[in-house]
Amino acid sequence: MINKKHKKCVLCDGDAVMKCSKCNKDICLKHGYCYIDESNIAITQNAPMLCGQCYIKTYRIKKF
């Protein structure tokens, strides 16, 4: 039996389940952000999963 260690979220030490699409940080579901366009489903479905810092840089928002 292979004993694998779970990767930890770099922000809260929780179990990381994904990577930021831009900077490749290991993040948990609490720290993943995705752009949602209410009028265009194609934009929402193809939006990358980003950490908070990359989301702010990419979409130029000031706060969540």
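Around the CD1 atom of I36, the shell of radius 6.0 Å holds no more than 12 heavy atoms that belong to other residues, nucleotides or ligands.
In this structure, the side chains of Y35 and T44 stay at 4.5 Å or more apart for every pair of heavy atoms.
Considering SG of C34 and CD of Q45, their distance stands at 10.5 Å, rounded to 0.5 Å. Atom CG in D37 sits 11.5 Å away from atom CG in N46 (nearest 0.5 Å).
The salt bridge (Lys or Arg N to Asp or Glu O under 4.0 Å) search around K8 returns D15, not counting sequence neighbours.
In terms of heavy atoms, L50 sits closest to Y55 at CD1-CA, 3.8 Å.
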Extract all donor-acceptor atom pairs below 3.5 Å that involve side chains of residues 16-32 and protein atoms in other chains or at least two apart in sequence.
from : atom 1 : to  : atom 2 : distance (Å)
K19  : NZ     : D26 : OD1    : 2.9
S21  : OG     : M49 : O      : 3.1
K22  : NZ     : T58 : OG1    : 3.0
K25  : NZ     : Q53 : OE1    : 2.5

